[in-house]
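What you see below is based on every heavy atom in this structure, not just the backbone, and it leaves out hydrogens, waters and symmetry mates. Atoms within a ligand are numbered from 1 in the order they appear, just like the ligands themselves.
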Amino acid sequence: MHFYDILDEMFKDFEEYKDIHKGKGVRGTLITTISPKSNKLAAVVEAVHLASLLHDDVIDEATLRRGAPSINAKYGDFTAVMLGDIIYSRAFFELTSFNEKVAKTISNAVYLLSQGELDDVKLSCEMNLDKEKYMQMIYKKTASLIEASCKAAALEEGFDENDFGLYGKNIGIAFQIIDDLLDITQDEKTLGKPSMLDFKEGKMTLPYIYLYEELDELEREKLKSLYKKDLNETEKEWIKNKMNELGIVEKCYNEAKELVKNAKKAIQKYNIPKLEIIADKVVDRKF
Ligand code: FPP
Ligand code: MG
């Protein structure tokens, strides 16, 4: 049974909310690519991810998720938080049927991703210019669950979990860097949510950290004056033009490409072409 069908089965008591978007399924696909028998594990991880997005949309006050109204926008914050708790609890119930090392790998990642979300909120209070803090935060928030998914699938197959963990960590960090870049380079229609929302929410993502480093004094003051503001089209264009002019977009892409290269290197000897294709898709995508 495909992991999406197992997910449906897990939540059949909550049919009225079946419009919850199931997402791209990156984590589940990684798991079943590494370990074809692990559809249930894939469903568990996708459920954890789904729960975290329900909570994240409440925290970010997001009204759209993949072009459709978010659950908090449609049913309110209380429902979104509790549905997140239900999905998360059910996922953990299912996780207890796996061996201890697999269960610990996934549950530790949830501990990390929750810390990452808190760090994201804390870092959004003021203009963070520290790249290391940003990298640590995206590792925890996004890469930790992708890393754990790959490790757990490797454990199920008897592969070296460190090789697959390294693959997952690298594509996970690259994935978030690209996400943060697309927030700037893509339009609302492609993104399925308003563009350049991160800066308005106070999120100093990698492109903004690099941009600040390259701007002159006067321009830095201008960027500071736009921070957390509802930007008009002219202001958005100014930021985008500066990012292109100063090679920031290219610099971020290259950094993500380098991570993908390292990811592929980590699992090269296993010769699983689909994992290389997934790694390339992390960087080569529009949304
Ligand atoms: C999306 O980030 C958010 C995450 C990847 C993690 C969110 C984690 C929690 C809310 C902790 C609670 C966890 C559980 C399991 C209940 P983003 O806002 O940068 O991405 P987006 O643009 O897709 O919203
Ligand atoms: Mg969010």
Open item on the list: Which option wins on minimum heavy-atom distance to atom 7 (C) of ligand 1: Lys193, Lys141, Met137, Glu117?
Closed with: Glu117

Task: Pick from Arg66, Lys203, Arg65: the one approaching atom 23 (O) of ligand 1 most closely through a non-hydrogen atom - done: Arg65

TODO: Examine the side chains of Asn128 and Tyr134 and answer whether a donor and an acceptor come within less than 3.5 Å of each other.
DONE: no

Where ligand 1 meets [X] - atom numbers and elements under 4.0 angstrom, heavy-atom basis:
X      : answer
Ser114 : 11 (C), 12 (C), 13 (C)
Gln176 : 19 (O)
His55  : 10 (C), 16 (C)

Open item on the list: Aromatic contact between Tyr208 and Tyr227, with the criterion being ring centroids under 6.0 Å apart: yes or no?
Closed with: no

For [atom], what is the nearest protein heavy atom, given as residue, atom name and distance?
atom                    : result
atom 20 (O) of ligand 1 : Asp56 OD2, 4.1 Å
atom 8 (C) of ligand 1  : Leu113 CD1, 3.3 Å
atom 10 (C) of ligand 1 : Ser52 O, 3.4 Å

TODO: Classify the contact between Asp60 and ligand 1 as side chain, backbone, both or neither, using a heavy-atom distance cut-off of under 4.0 Å.
DONE: side chain

Task: Enclosure of Glu250 CD (heavy-atom neighbours >12, cutoff 6.0 Å) - done: no

TODO: Could you tell me whether Glu126 atom CD has more than 12 heavy atoms of other residues or ligands within 6.0 Å of it?
DONE: no

TODO: For the Mg ion (ligand 2), state how many protein N, O or S atoms fall inside a distance shorter than 2.8 Å.
DONE: 2

Task: Residue pairs, two or more places apart or on separate chains, that pass side chain to side chain donor-acceptor pair (under 3.5 Å) and touch residues 277-287 - done: Asp179-Arg285, Lys264-Asp280

Open item on the list: Quick check: Thr142 and ligand 1, any N/O pair under 3.5 Å apart?
Closed with: no

TODO: Using distance alone, decide if ligand 1 has a nitrogen or oxygen within less than 3.5 Å of any nitrogen or oxygen in Tyr88.
DONE: no

Between [X] and [Y], does at least one N-O distance fall below 4.0 Å, as a salt bridge requires?
X      : Y      : result
Lys229 : Glu235 : yes
Lys193 : Glu188 : no
Lys74  : Asp57  : no

